[in-house]
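So the structure is just underneath, and the comments pick up after that.
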Amino acid sequence: MTNCKQNIKSTKKMTSEKGIAAVEFALALMGLLLFFAIFIQFFIFFAANERATFAGFAASRVFSVQGIGPAVETSEKIDSDSIMTFETNRVAVARQIPMPSGINNFLTQGRGFSIEIEIPTFNELDYKNRLEQDDNDF
């Protein structure tokens, strides 16, 4: 008879749900932290892309007017992590974006993210020809 009473006591429904609430809170908190980490990584990627684009744009303009020396200095001041390649008609910008090793191996198989941008330089002769062509159109 005592065995039967013990079984009945153990099958009674628990009235407290503190444990369930703690587990739900822990799972929700992990989800929020994961979302926050992904958001921060996206912001890092976006900011690096914008910095590299602006450094290439500024270097292109300075290269067209003052030459390669000041253009390198300008791009270094804006984004020192990007690699610039100067040619007569374009400036190529390459940049590797840092990623945490766990995300890097999971999402990109260890390759990471890289940005490659090509920005045309200002060609004075082409500009003069365009202006003359515009004048002839009228």
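All of these numbers come straight from a predicted model, not from anything done at the bench.
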Shortest non-hydrogen contact from V93 to I119?
CG2-CD1, 4.5 Å
Taking all atoms of both residues into account, what is the closest heavy-atom pair of A71 and A59, and its distance?
CB-O, 3.5 Å
ILVMFWY cluster, V62 and I68 together (side-chain gap under 4.5 Å):
no
Measure across P120 and S60 and return the closest heavy-atom pair with its distance rounded to 0.1 Å.
O-OG, 2.9 Å
For the residue pair T74 and F63, establish whether any side-chain heavy-atom pair is separated by less than 4.5 Å.
no
When rounded to the nearest 0.5 Å, the distance separating CZ of F25 from CE of M30 is 11.5 Å
Say whether I78 and V65 are linked into one hydrophobic cluster, either directly or through other cluster members, by side-chain heavy-atom distances under 4.5 angstrom.
no
dist S82:OG -> E76:CD (nearest 0.5 Å) comes out at 7.0 Å
Of the non-hydrogen atoms in G56 and M84, which two are nearest, and what is the gap between them?
N-CE, 3.6 Å
Nearest 0.5 Å, what's the OG-CZ distance between S75 and F86?
5.0 Å
From I115 CD1 over to R51 CZ, what is the distance, rounded to the nearest 0.5 angstrom?
9.0 Å
Please work out which of the three classes, parallel, tilted or perpendicular, describes the rings of F39 and F35, given edges at 30° and 60°.
parallel
Does E116 reach the side chain of R95, with side-chain heavy atoms less than 4.5 Å apart?
no
Who are the salt bridge (Lys or Arg N to Asp or Glu O under 4.0 Å) partners of E118, not counting sequence neighbours?
R90
Closest heavy-atom pair and its distance - A48, D79
O-OD2, 4.5 Å
Quick check for you: to the nearest 0.5 Å, what is the distance between F43 atom CZ and Q41 atom CD?
11.5 Å
For F36, which of L32, I40, L34 qualifies under side-chain contact (heavy atoms from CB on, under 4.5 Å)?
I40
Closest heavy-atom contact between T121 and E87?
CG2-O, 4.5 Å
